[in-house]
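Report on the following structure.
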Amino acid sequence: MYNFKESESRWQDYWEKEKIYRFDWDSEKPVFSIDVPPRYASGKLHIGHATHYTHIDIMARYKRMRGYNVFFPLCFDVNGMPIEVNVEKKYGIKMRETPRHEFIKLCEDFANANIGEMIRQYKILGESMDPSIYYQTDAPYYRRITQLSFIKMFEKGLVYKAKHPVNWCPRCGTAIADAEIEYRKRKTNLNYIRFKVEEGGEIVIATTRPELLCTCQLIAVHPDDERYRDMVGKHAIVPIYGQKVEIVADEKVDPEFGTGAVMICSVGDKDDLEWIYKYNLKFLDGIDEEGRMTERAGKYAGLPVEEARRKIAEDLEKEGLLIKREEIEQNVGVCWRCHTPIEFVNKEQWFIKIRELKDEVRKTADEIKWIPEFMKKRLEEWINSLEWDWVVSRQRYFATPIPIWECENGHAFVPRFEDLQKMDRHVDPTVDPPPYENCPVCGAPLKGTEDVFDTWVDSSISPLYNTFWARDDEKFRKLYPMSLRPQSHDIIRTWAFYTILRCKSVTGEKPWEDIFVDSFILGPDGRPMHTSWGNVVDPLDIIDEYGTDPFRYFAASCTIGEDTPFRYKDVKRGRKLVIKLYNLGRFAKGVIREEIKKPEELRFMDRWILTRYSEVVREVTELMDEYRYDRAIKIIENFTWHVFADQYVEMIKHRLEDESTRYTLYQVFLGIIKMFAPFLPHITEEIYQDVFRGLVGEKSIHLTSWPEPVLKDEYALEVGEKVKDTIAEIRRWKNENRKEIKEIIIDGIADGIEDIAGTFKAKVKVGIEGNAEEKVIEVKPNFAVIGPKYKERAREIVDYIRNADPESLWKDILYGKAEINGIKITEDMVKVSKAKMYHGMEASVINVGDVTVIII
RNA sequence: GGGCCCGUGGUCUAGUGGUUAUGACGUCGCCCUUACAAGGCGAAGGUCCCCGGUUCGAACCCGGGCGGGCCCA
């Protein structure tokens, strides 16, 4: 009985001890480099991680066996807010109330403590990452490259500072990029508020954000809206605050929404911004960085936004200015880290110009092979929708410092590229001296910025870090661009986009040859896993119960590009497969034993299985090269179980001492476990060590080479299939009739008969003596021939063939007399089934295709 | 509102123009055949979501629906 737990951990220790997976800097082999997603060093391992890293591992193992020098770094992402938030929670502290560098230290310690556990998890998953090319994104050696790549863009004039409304998370107290916003549906009130019109009358506007009345600058209606025809050009008086605002007509207003009259504030949301530019309005701050109302809000100043909204609505109601309130559903932008609704705050930030790089990113994306192809569309969509530049500054602590010093007159400086290149760490403007004593332009003192980078600034240079950019030109030329970026589809607009943008901008070339976009693992119920839905499955529990290889079987079975619900039955199927392989191993061990010699002549059915096996190798290799591991594993599995085990192994049990048998079993079974090795690294190693190691020599199956086709024998393939089908039919007969078989007489095949005899332990005779009569049972149209040749006339031919008497039709065809409406029906246009009939024989007769079997 | 993906026996699923639609799970029947009963052999079970179109021929291509999901506004 296979003890997966003991076996799996034994081999994991062995691989670690023997350093099986290493990138070889001196090797002449072609390089296959993987731009591995550095795993984020907070949270738990969820099933999505476990599955994705398994997919990557399968590709890495495959490429290794195919003779590549595989660059598969062990790496972790260690920057940013989630870790900060975790540290705040763990110690019950607030970031801004803790000394900066003290807080950073706590973050580092927190992350490093997690990393140990994460490495252990990788080991349990059977990952083959190389710890000798390790990195983490918060390390001084990595942050230095982040800064160098930024300096390169700064020197190219792609960086600027501007006061501009930015997405602001009031809880995190920082600017965030468009790509970091998620949208949530929520219920809110649409308030109908009465405005007096200076020129007489009144206008009712509908708004979800009455607290922004203090920043109201304009009222807009649709130009065709009859209700407001005479209002356009007049001036409304804002309730409570009293400012006069113009009523304008604008196509953008939706007359169906609310009253058809909207107020434009600065800055409620991104749409307002458009109006601000269009009508040349001012940015008026109504909300501050903590999400409270500013002085401008008068008596509501200092109140959190939501509270102010409630209060102001109450006050308006008291004064009879709020005439209606209805509940509506709206989409609100929230911070993707903490889900706090974002606000727009007008503030100085650092930007990287991405709008002018759009075309270049698009072109570069076209040079990269996308798997699956349609995922590229998501990137294109995102590029097309980009309206703002990339806000790269964050008002946080635990991230790469922005290497900028400024003087009071607004002159900004970064360290010289060459100077930072010589250092062995990054610079931190909050502690390091400025690159120049005073401002080289105006002589004023320089002050280091306290802002840090958006974490995508770090992660978007992973290909540059991995390939020794700015450190070792020789290595860089050898490794860049990388072979493959594996990642999931939710971060196409961030990680993939920013990586292409920055790597292209810095090096002038694409970052990778291929990008593999992975999908999500959903709960067993088909919905996203969610603690509150109770459908979360912990991969470590699965592995504990079923083993790593069965889990990896599930992972490999996920169709590429489609979100897949987690399925226990796939894991269970994986476990059965592992057990099946284990037992095949036990069987093979008894047969293979000592040295294997290639026999002078192979037995017929050995030629058959070797040919089928070679076909599988060819097909699987092709699929693996296209990253279609999901299809590949099914093909190997099906061949192994239903062809090799159920049919071949059963038919050779009578000749196990034979040289040809032993050779064939050795070849095919070794090839099978090699093909399974990237998927099921443990059981294949177990079998390899037990059965094959002495004969092959390598100290691990994972160091052996991928199998190659060994035989192509068309005749053995064709006839072997008939033998196989014949055996299946005889089995069925035996099952139905429950009779002992004494003798089998076969007509139609002569080769491979020995294995029919061996399988049923019966005498087999070839060729039938006596009064046999051949009968045509069925003549069917061959669409593949008739269709293309006769097009619209195919129908009548088909109908004719179907309705004719098979026996006489076939005769006519043979004599060239078969025709319909002037079209001659030839042999290639039909498929004929014949059977032999026997008279005066006490026996059962089975027809298997054109093979006839008589059982006595 | 836009884009993309998906819809195949009870359940899940493979399949990108050609005879009889793949496999798994489940169900049922038979079998402990010397690797494996966590196994083997076999059976039942399908309007390939709907409607139209293209085609000699459509699960597959095109158009329009319906349903589910993802991304974006």
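The chains referred to below are lettered A, B, ... by the order of the sequence lines, with proteins before strands, and numbering in each begins at 1.
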Describe the nucleic acid contact of A:Glu637 in one word from base, sugar-phosphate, nothing, applying a heavy-atom distance below 4.0 Å. nothing
For the C1' atoms, the ones on B:rG57 and on B:rG17, what distance do you get once it is rounded to whole angstrom? 8 Å
Look at all strands and tell whether A:Asp646 reaches a base, only sugar-phosphate, or nothing, counting heavy atoms closer than 4.0 Å. sugar-phosphate
Any side-chain donor near an acceptor of the partner, A:Tyr790 and A:Glu796, under 3.5 Å: no
Whole-Å distance separating the CZ atom of A:Phe374 from the C1' atom of B:rC5: 5 Å
Any A:His642 side-chain nitrogen or oxygen under 4.0 Å from OP1 or OP2 of B:rA24: yes
Categorize A:Pro788 for me: base, sugar-phosphate, or nothing, with a 4.0 angstrom heavy-atom threshold over every strand shown. base
Reckon A:Lys572 touches a base, only the sugar-phosphate, or nothing at all at heavy-atom distances under 4.0 Å? nothing
When both distances are under 3.5 Å in a Watson-Crick or G-U wobble arrangement, the nucleotide paired with B:rG52 is B:rC62
Just checking, any donor-acceptor pair under 3.5 angstrom between side chains of A:Trp388 and A:Asn167? no
Spell out yes or no: do the side chain of A:Lys580 and the base of B:rC36 have one donor N/O and one acceptor N/O closer than 3.5 Å? yes
I'd like the P distance from B:rG69 over to B:rC12, given in whole Å. 14 Å
Would you indicate, yes or no, if B:rG15 has its OP1 or OP2 atom less than 4.0 angstrom from a side-chain nitrogen or oxygen of A:Arg631? yes
Looking for any heavy atom pair under 4.0 Å, which part of the strands does A:Val798 touch: base, sugar-phosphate only, or nothing? nothing
The answer to which of A:Arg731 and A:Asp630 contacts RNA chain B further toward the 5' end, by nearest nucleotide, is A:Asp630
Which whole number of Å gives the distance between the P atom of B:rC61 and that of B:rG68? 23 Å
Separation of atom NZ in A:Lys569 from atom C1' in B:rG23, rounded to whole Å: 9 Å
Any base atoms under 4.0 Å from A:Ala588, or only sugar-phosphate, or nothing? Heavy atoms, all strands. nothing
Any donor-acceptor N/O pair, A:Lys358 side chain to A:Leu386 backbone, under 3.5 Å: yes
Using a heavy-atom cut-off of 4.0 Å across all strands, would you classify A:Lys761 as base, sugar-phosphate, or nothing? base
With a cut-off of under 6.0 Å to the ring centre and 45° to the axis, is A:Arg573 in cation-pi contact with A:Trp641? yes
With rounding to the closest Å, how many angstrom separate the C1' atoms on B:rU47 and B:rA58? 15 Å
B:rG53 and B:rC41: how far apart are their C1' atoms, nearest whole angstrom? 47 Å
Answer yes or no: does a side-chain N or O of A:Trp641 lie under 4.0 Å from OP1 or OP2 of B:rG40? yes
What is the distance, rounded to the nearest whole Å, between atom CG of A:Asn638 and atom P of B:rG15? 14 Å
Rounding to an integer number of angstrom, what distance separates B:rA14 and B:rC6 when you compare their C1' atoms? 14 Å
Just N and O in the side chain of A:Lys576: are any of them under 4.0 Å from OP1 or OP2 of B:rG39? yes
Between B:rC56 (C1') and A:Asn782 (CG): distance, integer Å: 14 Å
Assigned partner base of B:rA43, Watson-Crick or wobble definition, under 3.5 Å: B:rU27
Rounded interatomic separation in angstrom, taking CH2 from A:Trp382 and P from B:rG2: 20 Å
By the Watson-Crick or G-U definition, both distances under 3.5 Å, B:rG17 is matched with none
For A:Tyr790, report the nucleic acid contact type (base, sugar-phosphate, nothing); a contact means any heavy atom under 4.0 Å. nothing
Go ahead and name the base partner of B:rC36; Watson-Crick or wobble counts if both distances stay under 3.5 Å, otherwise write none. none
When you measure from the side-chain N and O atoms of A:Thr559 to the phosphate of B:rA14, is any distance below 4.0 Å, counting only OP1 and OP2? yes
How about A:Asp518 and A:Ser488: does a side-chain donor come under 3.5 Å of a side-chain acceptor? no
Fit a plane to each ring of A:Phe644 and A:Tyr648, take the angle between them on a 0 to 90° scale, and name the class: parallel (under 30°), tilted (30 to 60°) or perpendicular (over 60°). parallel
Taking the basic N atoms (NZ, or NE/NH1/NH2) and the acidic carboxylate oxygens, is any pair closer than 4.0 Å for A:Arg586 and A:Asp690? no
For the pair made of CZ in A:Phe587 and P in B:rU33, what is the distance, rounded to whole Å? 16 Å
To the nearest angstrom, how far is A:Glu545 atom CD from B:rA38 atom P? 16 Å
Hey, does the side chain of A:Ser660 reach the backbone of A:Asp658 with a donor-acceptor pair shorter than 3.5 angstrom? no
How many Å lie between CZ on A:Arg793 and P on B:rC56, as a whole number? 13 Å
In Watson-Crick or G-U wobble terms, both distances under 3.5 Å, what is the partner of B:rC4? B:rG69
Spacing of the P atoms in B:rG65 and B:rC71 (rounded, Å): 24 Å
For B:rG1 and B:rG15, measure between their P atoms and round to the nearest Å. 32 Å
